[in-house]
Amino acid sequence: MAYNKILIHLGVIAVCLCLFIDCGPKKSSNGKATIVDGHEKGLKDYYMDYFKMGVAVSPRSLNDSSQSALITSHFNSITAENVMKMGPIHPKESEYNWGLADEVLAYAEQHNLMLRGHTLCWHNQTPDWLFLDDSKAQVTKEFLLGRLEDHIKNVAGRYKGKIYAWDVVNEAISDSKDEFYRNSLWYQICGEEYLIKAFQLARQYAPDATLFYNDYNVIDPVKADKIVKMISDLRQKGAPIDGIGIQGHWSVYEPSRDQLIATLERFKPLNLDIHITELDISIYTKEHKRRDKLETDNDTFTAELEQLQVQEYKMIFEVFRQYKNDISSITFWNISDRRSWLDNFPVRGRKNYPLLFDQEDKPKKAFQEVVGF
Ligand code: GLA
């Protein structure tokens, strides 16, 4: 009897505590974010004990009141979507465009958000002048490495102490089965030396940032194995690589739970920090995999696709939470379905709906699943 009474008392105390303090996420029936202590409870609050929650932003989005409200209520980290890339920030050899990148930094500081740097060395959105000398002939390795130093010294150096993590090198691994490194101009001119140098320079000029290798399509086991091998080799050769960036441009059809877990298990033995750097869940099949489906895809976000997206988001966040000791940050690539880089890409004129917020910047059903754990 006494034992039963104790149990009842304990039960009453637990209920009271739950009413008094916040016991997990509360979903409101109208799909709007819950109000906690006068603030909307955002993604970053639900995930406080798990990961930093980030989003890629353009300077224009920062000046849009509705988008800015989403950024500040749901995220605690931002990445410049484009304006810190080599082409935009360093258009000519002796010219840097600091204005827009500085705006992103100022916004982060004003709103107490952390800033991820993206990206110091990539084959895309990279200016042509970089690889050419005055007579328009291709530069030598020494010359190109000198330019790389100049770039990293100026960009990483300018934001030293302000950027907590840099995607130092983006997408250096080939997608093709028989090729290891992507045959970019960087690789053609420097071999793998540019990779080692890029990380060493980033460490030198941004000593307190964690340094990431960032890539897409890593759920392909062949590509993931190449990344693991490359990182192990480069670290042995003196490249200070601290983390792997999994871009996470996925779709409602993939990855499966098993694929995602297998990918994380492949990276785990490296003992590096993992960031999900560019998350979105396209509602379309990956074109390179299902060319036959291309014609049947149109830009209607049907109830069926919505449900598939809800399930995919729910599943990947379950897996992310399971790997919370390995993953420390998750960044979405764009803010809401109002604008995504996947609108018009890879199919011109086709809209996509890959994010957690809809075209009116309101939380979608997938949002409720992601926070409802
Ligand atoms: C890659 C890059 C990003 C961005 C996306 C498309 O994933 O890393 O910077 O360009 O493509 O927006």
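Remember, it's 1-based here, ligands and their atoms both numbered in the order they're listed.
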**OP:** For ligand 1, indicate whether the residue Trp122 contacts it via side chain, backbone, both or neither (heavy-atom separation under 4.0 Å).
**Re:** side chain
Original post:
Can you list the ligand 1 atoms lying under 4.0 Å from a non-hydrogen atom of Gln125?
Top reply: 10 (O)
Original post:
Is it the case that more than 12 heavy atoms not belonging to Asp208 sit under 6.0 Å from its CG atom?
Top reply: yes
Subject >> Minimum heavy-atom distance between Trp98 and Arg158, given as atom pair plus value >> reply: CE3-CD, 3.2 Å
**OP:** Output the list of atoms in ligand 1 that are nearer than 4.0 Å to some heavy atom of Gln247, sorted by atom number.
**Re:** 1 (C), 7 (O), 8 (O)
**OP:** Would you give the length of the straight line joining atom CG of Asp280 to atom CH2 of Trp341, rounded to the nearest 0.5 angstrom?
**Re:** 6.5 Å
**OP:** Only heavy atoms count here, so choose which of Glu171, Lys85, Glu81 is nearest to atom 4 (C) of ligand 1.
**Re:** Lys85
Subject >> Region of Asn170 engaging ligand 1 - heavy atom pairs below 4.0 Å >> reply: side chain
**OP:** Starting from atom 9 (O) of ligand 1, find the nearest protein heavy-atom neighbour and note its residue, name and distance.
**Re:** His118 NE2, 2.5 Å
Subject >> Ligand-side contact atoms (ligand 1) for residue partner His249, heavy atom cut-off under 4.0 Å >> reply: 7 (O)
**OP:** Check Phe75 against Leu113 and note the closest heavy-atom contact, atom names and distance.
**Re:** O-CD2, 3.2 Å
**OP:** Determine the interplanar angle of the His118 and Trp122 rings, folded into 0 to 90°, and report it as parallel if under 30°, tilted if 30 to 60°, perpendicular if over 60°.
**Re:** tilted
Original post:
Mind checking whether Trp333 has an N or O less than 3.5 Å away from an N or O of ligand 1?
Top reply: yes
**OP:** Taking all non-hydrogen atoms of both residues into account, name the closest pair between Ile274 and Phe212 and its distance.
**Re:** C-CE2, 4.3 Å
**OP:** Could you tell me how the ring of Tyr47 sits relative to the ring of Phe373: parallel (under 30°), tilted (30 to 60°) or perpendicular (over 60°)?
**Re:** tilted
Subject >> Nearest non-hydrogen protein atom, atom 7 (O) of ligand 1 >> reply: Glu278 OE1, 2.4 Å
Original post:
Does an N or O anywhere in Asn214 fall below 3.5 Å from an N or O of ligand 1?
Top reply: no
**OP:** For ligand 1, find out whether one of its N or O atoms is nearer than 3.5 Å to an N or O atom of Trp341.
**Re:** no
Original post:
Do Tyr353 and Asp358 have a side chain donor and acceptor closer than 3.5 Å?
Top reply: no
